[in-house]
Participant: 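I'd like to ask some things about the structure below.
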Amino acid sequence: MREIIGITLENEMDLILAHKRSMQIGEQLGLTVATRTTLATAVSEVARTVIDFTNEGRLSLCISGKFPRFSINAGITFDSDHVFKETDEGFFYAKKLMPDFNFEVTGQEYSITMALSLPRSAKVDEAKISILRDYFINAVPLNAYEEIKNKNSKLSQLTQAQEQEIKLGRELDEKKNEFISVASHELKTPITVIKAYTQMLRLLKGQYSDKVGEVVEKLEIQTGKLVRLTYQLMDVSKIENGSLQYDLIKIELNSFLEETVTMLTNVHANNKINLQLGDGCSVMADPLRLEQVLSNLIGNAAKYSDKNSAIGVATFLSEEGGSITIQISDHGMGMSKDSIARIFEKFYRVEDIVSSHPGLGMGLYISSKIVADHGGKIWVQSEIGNGSIFYFTLPLAVPFKQ
Ligand code: ADP
């Protein structure tokens, strides 16, 4: 069965469309005026009865059969809790006009089909059916109502396609999150064991040669990287599940920054980290998570800069004294405006560095979430070749009075 025309039956205006289009299809097939009128009247009778009780109907004018015997079929389908019978007035007349009349009902679903054999003189073949379909697809709307109806139908098809795409995207995202969650938990146990063994090896230092000692040291560094990546994966999964939790305590920020920067200076021994502390203040924060943000921003400043370049860490109070801004600056490669707009997205990495710098694009996504969960904001100022300055704010535990 090849549909040539489909019309939803919503109101009286659709009766006019159904009648006119039935006449036109008959005309295009070369049927006599009497046959066309019979078809169009039968279609109108059924459509009117349906429209009286429901606006859910659909008329489908199709060609069925195989060369050389084809027929034209008018099918009307609809759902309704009103009980229709084959003997209802409109159906009764239609059946008189089109004896090949079929009435089917399954629960509340109704299907009425009427068929009319096409004479050989109509010269129907697959090519003609195709031409006929194109003719009606491109046909000028019969009136303003049909024009609006067509536009609405296109719009709703577009909306449906978009909704489907969004649904698919969501499903894929859920699958990805599930994979990240399972993978990170599966990785955690063996990595923790490897880490424990490398620490044990370190304690046995005197019992092996310097050469082995070097290998143990490398093993420890690489294990540390694996541990960090695994924890990042677990954090991403927690963010997606909404289960990232915080143990907030009051932190005296300047001493916290001094301690953290000293610790990170040992990690990034090649870079000099200059710390410029502003007025002392305290914030309510989870110390481990705050350290994670600083470690990510300072780590990136080191990773995306030349080996010996300096990194700056500075703080300043907001003018109104309600929050503190922490600034991490570097003299590294910087980034474009397009990258700045996407930098805090999950798994985003600047294309140029993907093969040259290791990473998975999770750090800034996690940091932005941590900062937001503490009631702060995070942003970056950067220019290609001119370094970057990352800023994040934290609300003060006690507002500062000048
Ligand atoms: P990762 O460093 O593991 O890729 P991040 O989420 O920490 O993940 O960073 C995302 C991307 O942002 C990086 O891949 C890099 O392209 C860019 N980026 C982050 N910090 C800097 C920086 N200080 N200078 C230049 N580019 C940076």
Side-chain angles (χ1 to χ4, degrees), residues 173 176-177 180 183-184 187 191 221-240 244 257 260-261 264-265 267-276 288-315 325-374 376-393:
D173 217 39
K176 197 167 66 187
N177 291 339
I180 292 173
S184 56
L187 283 169
I191 288 173
I221 293 171
Q222 296 306 325
T223 313
K225 284 186 185 166
L226 265 178
V227 171
R228 271 194 300 284
L229 278 178
T230 310
Y231 275 95
Q232 278 192 337
L233 275 171
M234 284 169 68
D235 281 347
V236 168
S237 158
K238 280 182 192 163
I239 291 173
E240 302 310 315
L244 199 61
L257 285 175
T260 310
V261 167
L264 290 171
T265 304
V267 181
H268 307 289
N270 289 324
N271 302 84
K272 173 144 180 45
I273 308 179
N274 299 312
L275 180 62
Q276 274 190 324
L288 287 178
R289 292 298 180 186
L290 187 54
E291 186 189 303
Q292 189 178 350
V293 174
L294 289 162
S295 165
N296 171 231
L297 296 179
I298 294 173
N300 279 350
K303 182 156 78 171
Y304 300 109
S305 300
D306 285 341
K307 256 198 166 167
N308 296 311
S309 72
I311 296 169
V313 178
T315 66
T325 304
I326 299 150
Q327 166 190 312
I328 291 97
S329 55
D330 65 58
H331 303 281
M333 58 178 63
M335 61 192 108
S336 68
K337 277 201 176 109
D338 289 349
S339 297
I340 291 175
R342 303 196 51 198
I343 198 108
F344 299 104
E345 281 176 24
K346 186 171 50 175
F347 305 131
Y348 178 78
R349 306 201 74 214
V350 175
E351 225 174 291
D352 303 346
I353 56 90
V354 169
S355 50
S356 56
H357 294 69
L360 290 177
M362 292 185 286
L364 286 179
Y365 171 67
I366 298 167
S367 293
S368 66
K369 179 73 183 148
I370 294 173
V371 170
D373 287 349
H374 279 78
K377 277 192 272 185
I378 187 166
W379 70 99
V380 61
Q381 271 177 356
S382 185
E383 233 179 80
I384 290 193
N386 275 334
S388 310
I389 311 176
F390 280 83
Y391 301 88
F392 70 96
T393 63

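Counting starts at 1 for both ligands and their atoms, following the listed order. Bear in mind the structure is a predicted one, so any value in this text is a computation, not a measurement. Start at 1 with the first residue, then count along the sequence.
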Participant: Any nitrogen or oxygen of P358, side chain or backbone, less than 3.5 Å from one on ligand 1?
Facilitator: no
Participant: Starting from atom 9 (O) of ligand 1, what is the nearest protein heavy atom, named by residue and atom, and what distance separates them?
Facilitator: L364 CD1, 3.6 Å
Participant: Should we say atom CD of E383 is surrounded by more than 12 heavy atoms from elsewhere, each under 6.0 Å from it?
Facilitator: no
Participant: Regarding ligand 1, does Y365 bring an N or O atom to under 3.5 Å of one of the ligand's N or O atoms?
Facilitator: no
Participant: Measure from atom 19 (C) of ligand 1 to every heavy atom in N300, L229, N296, D352 and give the option owning the shortest one.
Facilitator: N300
Participant: Just to be sure I'm reading this right: ignoring hydrogens, which of I389, V380, I343, L360 gets closest to atom 3 (O) of ligand 1? Compare them by their nearest heavy atoms.
Facilitator: L360
Participant: K303: heavy atom below 4.0 Å from ligand 1, yes or no?
Facilitator: yes
Participant: Looking only at N/O atoms, are D330 and ligand 1 under 3.5 Å apart anywhere?
Facilitator: yes
Participant: Quick one: does ligand 1 sit under 4.0 Å from the side chain of V350, the backbone, both or neither, non-hydrogen atoms only?
Facilitator: both
Participant: Can you list the atoms of ligand 1 that are under 4.0 Å from a heavy atom of M362?
Facilitator: 6 (O), 8 (O)
Participant: R349 heavy atoms, cut-off 4.0 Å: which ligand 1 atoms fall inside?
Facilitator: 1 (P), 4 (O), 14 (O)
Participant: Backbone or side chain, does any N or O of M333 fall under 3.5 Å from an N or O of ligand 1?
Facilitator: no
Participant: So is F390 polar-close to ligand 1, meaning N/O to N/O under 3.5 Å?
Facilitator: no
